[in-house]
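A quick write-up on the structure given underneath.
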Amino acid sequence: MAAINHPLGHPRRGLPLPIPGGRPNLWLVFAIFIAGVSALLPVLQNSLATSRGFDIQASERQEAQLIGEISLLEGEVASLTSITRIDRRAQEIGLLPVPDPIYVTVNEPGPAPAKLPSEYLPKSGAKPVPSSPWWKPLVGWLP
Amino acid sequence: MAQYRAHGTRRVWLPAAVFGLFAAVIGARLVHLQVLEHDYYAAKAKEELLGNDTIYARRGTILDRNGGVLATSVNTWDIYVSARAWKDEATAAKAAAELAPLLKTTPAALREIVATTESLDARVYHDLSYETGTDILKKNIPGVIAIANTSRINPEGDVAASVLGFTGTDNSGLAGIEAAYNEVLQGQPGRAIYERDTTGEPIPYGQHTVTQPKPGEDLVLTIDRVLQEMAEQYLADGMKEHKAKGGSIIVMDPMTGEILALATSPGLKFSTLEEDLAKGGDDALSLLRNRAVTDLYEPGSVMKIITAAAAIDAGVVTAGTTYYDTGVVYVEKVPLKNWDDASYGQQTMTGVLQNSINSGAVFMQEALGTRRFQEYLDAFGFGKPTGVDLQGEASGIFRRPEDEGYSPVDVATQSFGQSISVTPMQMMQAVAAAINGGNLITPHVVKARIKADGSRVDVSPQVVGRAISPQTSDTIRQMLGEVVSQDPDGWGRNPSRYTAGGKSGTANVPVWGTYDETQIVSFIGFAPLDSPKILVLVKLDENGDGKTGTVAGGPIFARFTDDALRYLSVRPEKGPSAVHR
C-alpha cells in the first residue's frame, strides 16, 4: 500500500485561527488598526491637499474675475467722467455756458480747509510702552 | 565518463564580439544621452510638459492734476490655440467653428493661423474684450487658452495725446509719459507655470504655480485736462486762421515750473494712431517726439526779454536808460537793421521792448560785453536741456567766442534772438525765471506718484539756479506789462479782463547758413501782471499769412489768458466782472 504524504498533517486538522467566541488577541487587533490608519493617512492627506488646491484655484479664478470686473468698472467710470461726455450730457439736459460770474467780497472767514484722508497724514499713534522683562522682579528679591 | 569542453571557435567569438560591440555602442549612447546631455534633455522634456505664460501687471493710471483719468488700463484676454490639440481634423473643425464667431473671424482664418505658427500655442487674438473672453472660457472649447492681459484706454480721446504717448503690444511705453515713466507705470509682470497633457491642455490637478504680477504706480500729472483741451483748441483755430503748418501752446505755472497744458501740432492722435504708424517713414517717426522739447527754433525778439533782464541785473542799464536809435547798428561793419527798417529816435529800454528795436537789444548786449552776456545766457538755461521729464529733449545751441567760425556779429544777433537755437520749453523756463523773482526752475509734467498701497509721493518744484535778482525780475515784469498795455482795448495782445505782460517774436527759418522766406512767430506772456499765475507761449510755424508774432500770436495769447484765468477762478482785474460788492 502506497504511503500518502500529508505535509499539513491530518486533513481534518483545523488551522490555528482564533476560535470564534474565544478571547481576541488585543495586540493583533491594535496592530491591524495602526496599520490600517497608517495606510489611510497619506491617502487622506493627499485628498485634503488636492481638495484645498482645487479651492485655491477656484478662489484665484474668482479673484482674477473680480479684478477684471473692477478694471472694467474703473474704465467705465473714467469714460463717464470725461470732459466730452460731461459736456454732451450737460447739453442734453439743457445746461448753458455760464455768463460772466460775479465775484463778491465777503468779510467772513472762509470754510475750514478740507481735511486730508488719514492715509496721507503722518502716523501719530501712541508709542508702545516698553514692557518690563520677566526677570526684572526676580532681581529685586536678591539680597 | 568522457568530458566535453567548449572550444572558442570563430563561430562563437565573432558574433559575441559583434553583439558586445553593439551593446557597448548602445551603452555609450545611453551614457551620452542620460548623463552627459542630461540637463539639455531634461529641459526639453520640461518645456514639453510645462506651459509657461506671462501675466502682465496692470499698468498704472495716468491722471490729470485734478484726478481726471487721462489713460488707464482695462483687463482683456489674449486668445491662444494649442496646435497639438487641433491636430485632429474633427476637433479642430468643431472648435474653430465655435470660436470664430466670438472673435469676429472665419474658421478657415483661425485654422490658417494655427497651422502656420511655429510655436506650440498660436495667438489668434490680442486684447479681446473682457466680457467676450469670459464667454469663451465658459464654453470650454478644446485647445483654446485665454491669458489675461491689459489694454490702454484714453477716456479723454485725443486730449494730451502728445504728452501721454502710447504703449506697444507688450504693454511697454513707446512715446511720451508712457515711455519716460515706463518703469514706474508698468509694474512687474507675473508668471503662470502649469503642467499640460499631450494635447497641450492644462492637467487639472497638475503642478500649477502662479507668481502674481505687481501693479504699476499711478501718475498724477501737472496737466489740467480742461486747460489742455482749451490749448489744443486755440492752437488748432490759430493754425487754421493763420495758415500755419505747425505750432505749440505751452502753459506753465511760472512759480513752480508745473506744465499746465502742452499742445503741439502736428502730433500724436489716438484716434488715427494705427493708420499714422502704418504709413511708416519720417511721418510715423515724428509722432514719437514732442516738438515742444525736441525741436529747435530761433526765438526772435522774445529773446530781448532775456537781454534786458541780463543788462538790468548787471546794472549796466535801467528801464529808463535812453539811447538814440538810427534804425541800424554796425557790428564788424555788418549792418543790423530793425525788423521794420524804421528808426525810432530816442528810446528808453522799456521802449526797446515795446517797439522791439533790434539796435536797442544790441546796445544792451554791448553794454554787458560778450562774456557777461553769454554768462547770463548760461544762467537762464540756454544751451543745455531743461531737465523736463519728457523724452528726447534737445539742448539748444548758441555760438561762443571759442567756437570755430565765431564772429562778434553772432553775439550781437543773439541779443535779439538770432544765431541762437532754443526749444519752446527752454524759452518757457528762461522767461519764467525772468518774471518769478529770478529762480530757474525745472519744468515738469509729473506732479505725484501713487503707489499700489495708496501712498502718495509728491514731486517738489526744483530750483536749479538763480538767473537774476528779485528786484530785476520785478522791473522786467513791469516793462513787459508796458509792452502789452500798448494795446489798451483787449485781445490785440492784451487780455480784456486781466493785467498781463508779454513779448512777441518773429524769426525767419535758418537754412544752410542763410534765412528762408518762411518764418516762425511767437508770443510769450503772463498774467496777472503782479503775481503771475500762468505763463503762456503761443508759437506758430511757417504761417502762410505772413503776419508777425504780435499780430498772429498776441490775440491768441490774450483770448486764451482770459479763458484760462477765468477757469482757474482768478478774479478779473478789468471789465464788468471785476465789480466788488
Side-chain angles (χ1 to χ4, degrees), chain A residues 43 45-90 97-108 110-111 114 116-123, chain B residues 55 58-59 61 63-64 67-77 129-131 133-134 137 148 150-159 192 194 202 204-208 210 212-213 215 225-226 228-230 450 453-456 458 497 566 569-572 575-581:
Chain A
V43 177
Q45 203 178 13
N46 205 4
S47 165
L48 276 174
T50 308
S51 170
R52 189 64 56 85
F54 180 78
D55 289 346
I56 290 170
Q57 281 188 25
S59 299
E60 281 175 353
R61 269 199 299 276
Q62 199 181 0
E63 185 195 13
Q65 192 181 343
L66 289 172
I67 289 172
E69 283 170 13
I70 288 169
S71 89
L72 277 188
L73 290 171
E74 284 177 349
E76 203 176 325
V77 169
S79 300
L80 289 173
T81 54
S82 71
I83 301 172
T84 320
R85 194 260 168 194
I86 291 172
D87 190 40
R88 195 177 60 237
R89 185 70 190 131
V98 64
D100 284 340
I102 296 169
Y103 292 81
V104 180
T105 307
V106 181
N107 292 326
E108 289 292 327
L116 276 175
S118 59
E119 63 258 37
Y120 299 132
L121 295 173
K123 301 277 182 287
Chain B
I55 307 171
R58 186 164 184 269
R59 197 171 172 83
T61 296
L63 308 153
D64 88 331
V69 178
L70 297 174
T72 190
S73 290
V74 291
N75 280 33
T76 56
W77 299 99
S129 77
Y130 186 78
E131 294 96 332
T134 311
L137 278 176
T150 59
S151 173
R152 214 66 172 146
I153 59 165
N154 300 93
E156 298 293 350
D158 289 336
V159 173
Y194 52 88
Y205 297 106
Q207 181 193 340
H208 187 88
V210 175
Q212 290 295 342
R225 59 180 175 166
V226 176
Q228 177 70 29
E229 192 178 26
M230 209 184 277
I450 300 174
D453 62 3
S455 58
R456 180 182 168 122
D458 284 299
R497 297 166 192 214
R566 183 179 162 181
S569 300
V570 177
R571 193 158 89 179
S577 298
V579 177
H580 295 197
R581 297 189 182 188

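Every value quoted in this text rests on a predicted model; they were computed, and no experiment measured them. In what follows, chains are A, B, ... by sequence order, proteins preceding strands, each numbered from 1.
We find the CD-CD distance between A:E63 and B:Q212 to be 5.5 Å, quoted to the nearest 0.5 Å. If you take CD1 on B:I153 and CG on A:L72, they are separated by 9.0 Å, rounding to the nearest 0.5 Å. Here the CG atom belonging to B:D64 is positioned 7.5 Å from the CD1 atom belonging to A:I83, to the nearest 0.5 angstrom.
Residue A:I67 touches chain B through both its backbone and its side chain, counting heavy-atom pairs closer than 4.5 Å. Contact of A:E76 with chain B is not made at all, since no heavy-atom distance falls under 4.5 Å. If you measure heavy-atom distances from B:T61 to chain A, you find no contacts under 4.5 Å at all. In this structure, chain A has heavy atoms under 4.5 Å from both the backbone and the side chain of B:V74. If you measure heavy-atom distances from B:V159 to chain A, you find no contacts under 4.5 Å at all.
Closest non-hydrogen pair, B:N75 versus A:S71, comes out as N-OG, 2.8 Å.
Evaluation of the side chain to side chain donor-acceptor pair (under 3.5 Å) rule for B:S151 yields no partner, not counting sequence neighbours.
Residues A:V98 and B:R566 have side chains in contact (heavy-atom distance under 4.5 Å, counting atoms from C-beta outward).
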